J.: 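Quick one: this structure, given as structure tokens, is what I'll be asking you about.
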Amino acid sequence: MADLYSIMKARALPLARTIVMNPNEDAFATIMSDSDDPRQASFLMMLKGTIPAERHRRILLDGLAREYSGVDGWLAYVDRECKQN
């Protein structure tokens, strides 16, 4: 079976690179590094245009939270970020 996270990540990469605007950076690492940065909000708002299926967006966001923040999923990431602010 295909790794849906990798597929969704590849599909969202052009959007992430457009938002970060630095080809030398890991765009996803930059977006996930600061939940208060407007780049994360822009990415989340524009993601539906890139990945229309809600379930596929959730696979991507859960995977990003695990890979870049070391938490169990997107809701755990949001919970942690809310407690830190």
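Nothing fancy with the numbering, it's 1 onward along the sequence. Computed from a prediction, not measured in an experiment: that's the story for all the values here.
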J.: Do Leu60 and Lys9 pass the side chain to side chain contact (heavy atoms under 4.5 Å, CB included) test, and can you show the C-alpha distance, the side-chain angles, and the key distance before you say yes or no?
T.: CA-CA 6 Å; Leu60 173 68; Lys9 190 175 175 187; 4.1 Å; yes
J.: Apply side chain to side chain contact (heavy atoms under 4.5 Å, CB included) to residues Glu54 and Lys48 and explain how you reach the verdict.
T.: CA-CA 8 Å; Glu54 182 178 349; Lys48 188 174 185 177; over 6 Å; no
J.: Run the side chain to side chain contact (heavy atoms under 4.5 Å, CB included) check on Arg66 and Tyr77 step by step: do they pass?
T.: CA-CA 8 Å; Arg66 284 185 198 98; Tyr77 169 77; over 6 Å; no
J.: I need the minimum non-hydrogen distance between Arg57 and Leu47, along with the two atoms involved.
T.: CD-CG, 3.9 Å
J.: What distance separates Leu64 CG from Tyr5 OH, expressed to the nearest 0.5 Å?
T.: 4.0 Å
J.: Can any side-chain N or O of Ser42 pair as donor or acceptor with the backbone N or O of Arg39 at less than 3.5 Å?
T.: no
J.: Applying the 4.5 Å side-chain criterion to the ILVMFWY set and letting contacts propagate, would Leu44 and Ile31 be lumped into a single cluster?
T.: yes
J.: Report the C-alpha distance between Phe43 and Thr30 in whole Å, list the side-chain angles of each, state the deciding distance to 0.1 Å, and finish with yes or no for side chain to side chain contact (heavy atoms under 4.5 Å, CB included).
T.: CA-CA 11 Å; Phe43 178 76; Thr30 301; over 6 Å; no
J.: So, taking the atom named OG in Ser69 and the one named CD in Glu81, what distance separates them when rounded to the nearest 0.5 Å?
T.: 6.5 Å
J.: Would Leu61 and Leu75 show up in the same hydrophobic cluster when neighbours are defined by side-chain heavy atoms closer than 4.5 Å?
T.: no
J.: So which heavy atom on Ile51 is nearest to which on Ala12, and how close?
T.: CD1-CB, 4.1 Å
J.: Let me confirm one number: the OG1-NE2 distance from Thr50 to His56, rounded to the nearest 0.5 Å.
T.: 14.0 Å
J.: Would you list the atom pairs, donor with acceptor, under 3.5 Å between side chains in residues 13-24 and any protein atom, with sequence neighbours excluded?
T.:
{"residue": "Thr18", "atom": "OG1", "partner": "Pro14", "partner atom": "O", "Å": "2.8"}
{"residue": "Asn22", "atom": "OD1", "partner": "Asn24", "partner atom": "N", "Å": "3.0"}
{"residue": "Asn22", "atom": "ND2", "partner": "Glu25", "partner atom": "OE2", "Å": "3.1"}

J.: For Tyr68 and Phe28, take the angle between the two ring planes, folded into 0 to 90°, and tell me which bin it lands in: parallel under 30, tilted 30 to 60, perpendicular over 60.
T.: tilted
